[in-house]
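Here is the structure we will look at.
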Amino acid sequence: MIQYLLFRLLRWTIGLTLVTFFTYAMMFYGAGDPIKRMFIDSENFDSADPAVLEALQAKYGLDKPFLVQFTNYIGNLLRGDWGRSIRLSVDRPVWDIIKFRLPVSMQLGFAATVLAAVFGITLGILAALHHNRWLDRVIISTVIFVTAIPAFVTAPMLLFFLVLVVKVMNVPYGWNGLFHKDVILPVVVIALGPLPIIVRQTRSAVLEVMSQLYIRTARAKGLPEYRVVLGHMLRPVLTPLITTLGLQMITLINGSLFVELVFNIPGFGLLTAEGIRSVDYPIIMAVAIIGTLIIFLSNFFVDLVYPLLDPRLRYT
Amino acid sequence: MNQAAKQGTMDEFGVQTRLSRNLWQTAFRRFRKNWLAVFGLIIIILFLLAAIFGPILAPYDFLEQDLTSMLQGPSALHWLGTDDLGRDTFSRLLYGARTAALVAFSTTAISLVIGVIVGTWAGLQGGRVDEVLMWISDLVQAVPGLLLVMLINSALRRPIINWFDQLYEQTRNSFYLNTSWLDFVLVFSALAMIGWPGFARLIRGQVLSISKEDYVLAARALGSKEGRVMFSHVVPNSLGPLIVAVTASMGGAVVLEAGLSFLGLGVQPPNASWGTMLSNSLKLWQSFPHLLIGPAVTIGLIQVAFVFLGDGLNDALDPRRN
């Protein structure tokens with residue numbers, strides 16, 4: 001078991017290093033020098049003082065060859081220095097920005113996961129208990145229908161409906177903490193992302209469990225239905241869901257990008273979009289590394305927790 | 001238990017005649033019964049027709065700016081109204097369909113080719129090669145997809161533009177100056193980069209599992225030639241999941257293209273893209289909601305159609321379903 005986890009850890013470390021390397025290479029060879037682009041974008045490139053440009057390049061270490069730059073970056077990173085933002089928020093340490101942006105997205109993501117899990121599991125169980133009857137069909141089709149629509153369409157459409165048609169709310173804008181009412185709509189939209197997989201998986205897991213003998217025993221000894229469901233069905237259903245939730249981190253990260261953009265929430269996703277638009281090396285690097293790390297860690301966490309939840313896997 | 005008993009008797013009597021029916025006929029019959037899937041198919045066909053015949057159907061040129069009729073609501077002249085530059089929304093949606101369809105087909109084609117090569121190679125070779133190839137595709141899938149697409153997109157844009165400038169300097173061929181289709185190429189390649197691992201995994205799995213199936217063994221034992229085994233057993237049996245995956249990939253490409261354009265990183269104006277239209281409408285939606293409704297409903301409808309179609313195909317093409 002420990003050997004297996006160590007092996008996976010090693011693979012992910014190599015993977016993360018590769019991701020870092022390729023991101024840096026793509027930035028260096030593809031997107032080009034951010035300082036130079038800043039000068040070009042300001043449209044007085046020809047009249048600009050080359051000395052200023054070179055001084056700025058030297059300041060951010062952009063005048064050195066690729067491998068030197070990359071090694072420096074890794075070296076600094078290992079010492080906990082993420083570099084300084086070049087264009088987005090000039091000269092501010094990247095970690096300072098991340099420190100404010102990441103928790104916002106994490107809170108959104110966490111709230112969305114909880115919401116999606118609660119609703120998804122409930123709907124999944126309901127659908128399974130009414131297997132192939134109308135409630136099952138309605139739940140499954142509605143969930144497919146609603147969640148097929150991407151977040152950047154759902155969010156504006158909900159805004160349109162709730163603000164202009166029903167007029168129950170003002171346009172939520174920005175970040176006012178997790179317990180402000182402006183959070184409701186963004187969280188709901190993000191939660192729609194992983195919902196269909198949770199519903200389907202719960203449904204098929206419950207269907208499988210229902211035919212088990214211990215469920216029949218539970219029913220036979222006269223347990224009320226809710227105790228059969230909560231006491232005997234829920235646990236085997238939850239176990240595979242942990243994996244799904246872990247793997248759904250990608251949808252959460254992708255989804256929150258658009259949602260943060262639409263609702264102007266200063267989170268990690270918005271930072272990603274802004275960083276890439278302004279070709280801000282250190283920001284892009286940090287966002288790519290942290291984004292990948294989150295997914296790796298959630299996968300690792302799944303591997304770690306899974307045997308604890310499913311005793312059948314413990315000794316293999 | 002009841003079901004098992006039923007199947008046992010049917011294997012001996014009823015099923016034999018039913019199975020002799022062509023796989024595709026059975027699939028079609030099953031598909032036709034699923035009205036949600038049929039609805040999806042109709043929407044997709046309409047979408048493809050709009051993509052092909054859009055320019056003929058469009059009442060206005062999608063670039064035509066009519067500054068006397070800006071930001072109008074829906075009317076007989078402009079069915080879905082006009083945007084802030086006086087361009088007809090309906091015409092732009094039709095041209096956007098062309099963009100979306102182009103991206104969907106090219107992205108899927110590129111990722112399918114890469115996926116088939118990698119998948120069959122990994123599946124047939126096995127061992128180390130298989131392990132490394134699958135690890136690479138795992139790695140690609142582990143990076144947040146949108147981030148990777150945005151990275152590739154912004155990394156490739158400048159070198160390609162520079163390259164074309166150089167080509168123009170050398171050849172003086174004005175073809176290299178027109179870079180409006182460059183966005184398309186960029187979007188295709190970036191999207192294909194995150195699309196291929198899915199196909200590779202699927203095809204590897206199919207190669208591995210089907211070549212071990214009893215019916216393949218039986219066919220070989222009966223003395224079928226390798227080519228016949230391949231084309232009458234392996235290919236038809238792996239085609240079902242592949243068709244479903246292709247449908248999903250096209251839907252995914254449409255939504256990612258719209259998403260990229262929404263972020264301002266996809267197909268650049270003046271080319272029409274649903275994503276760009278949507279993000280433009282966000283500045284004005286409170287006063288002019290019709291700008292939002294058009295592209296939003298279109299993207300939503302196409303996505304729903306793709307999902308229902310994929311689901312229907314999945315059910316219809318699964319040979320184990322009765």
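The structure displayed is predicted, hence computed values, not measured ones. Residue numbers begin at 1 in each chain, while the letters A, B, ... track the order of the sequences.
Both the backbone and the side chain of A/Ser141 come within contact range of chain B, each with at least one heavy atom under 4.5 Å from a heavy atom of that chain. Contact annotation for B/Phe306: neither backbone nor side-chain heavy atoms come within less than 4.5 Å of a heavy atom of chain A. Using a 4.5 Å cut-off between heavy atoms, B/Asn153 does not touch chain A at all. For B/Ala258, the parts lying under 4.5 angstrom from a heavy atom of chain A are both the backbone and the side chain. Of the atoms belonging to B/Ile152, heavy atoms from both backbone and side chain fall under 4.5 Å from chain A.
Around the CD atom of A/Gln212, the shell of radius 6.0 Å holds more than 12 heavy atoms that belong to other residues, nucleotides or ligands. Around the CH2 atom of B/Trp135, the shell of radius 6.0 Å holds more than 12 heavy atoms that belong to other residues, nucleotides or ligands. Heavy atoms from other residues, nucleotides or ligands lying under 6.0 Å from CZ of A/Phe70 number more than 12.
Side-chain contact between A/Phe22 and B/Leu148 is absent, with no heavy atoms from C-beta onward closer than 4.5 Å. Side-chain atoms of A/Val287 and B/Met150, non-hydrogen and from C-beta on, never get closer than 4.5 Å to each other. Two residues are said to be in side-chain contact when any heavy atoms from C-beta on lie closer than 4.5 Å; A/Phe152 and B/Val255 meet this criterion.
With rounding to the nearest 0.5 angstrom, the CG atom of B/Leu147 is 8.5 Å from the CG atom of A/Leu257.
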Under 3.5 Å donor-acceptor pairs involving side-chain atoms of residues 11-20 of chain A, not counting sequence neighbours:
{"from": "A/Thr13", "atom 1": "OG1", "to": "A/Leu9", "atom 2": "O", "distance (Å)": "2.6"}
{"from": "A/Thr17", "atom 1": "OG1", "to": "A/Thr13", "atom 2": "O", "distance (Å)": "2.6"}
{"from": "A/Thr20", "atom 1": "OG1", "to": "A/Leu16", "atom 2": "O", "distance (Å)": "2.6"}

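Contact between A/Val153 and B/Ala296 at its shortest, heavy atoms only, is CG1-O, 3.3 Å. Here the shortest heavy-atom pairing between A/Pro150 and B/Ile299 reads CG-CG2, 3.9 Å.
For the set A/Ile276, A/Val163, A/Ile149, the count of heavy-atom pairs under 4.5 angstrom toward chain B peaks at A/Ile276. In terms of heavy-atom pairs under 4.5 Å with chain B, the best-connected choice from A/Leu159, A/Leu261, A/Val262 is A/Leu159. Across B/Leu36, B/Leu265, B/Leu139, the residue that shares the most heavy-atom pairs under 4.5 angstrom with chain A is B/Leu139. Annotation: maximal heavy-atom pairing with chain A below 4.5 Å, among B/Val307, B/Leu151, B/Leu278, occurs at B/Leu151.
Formation of a donor-acceptor pair under 3.5 Å by the A/Arg277 side chain with backbone atoms of B/Leu263 is found in this model.
A search for side chain to side chain donor-acceptor pair (under 3.5 Å) contacts involving A/Ser85 returns A/Asp280, not counting sequence neighbours.
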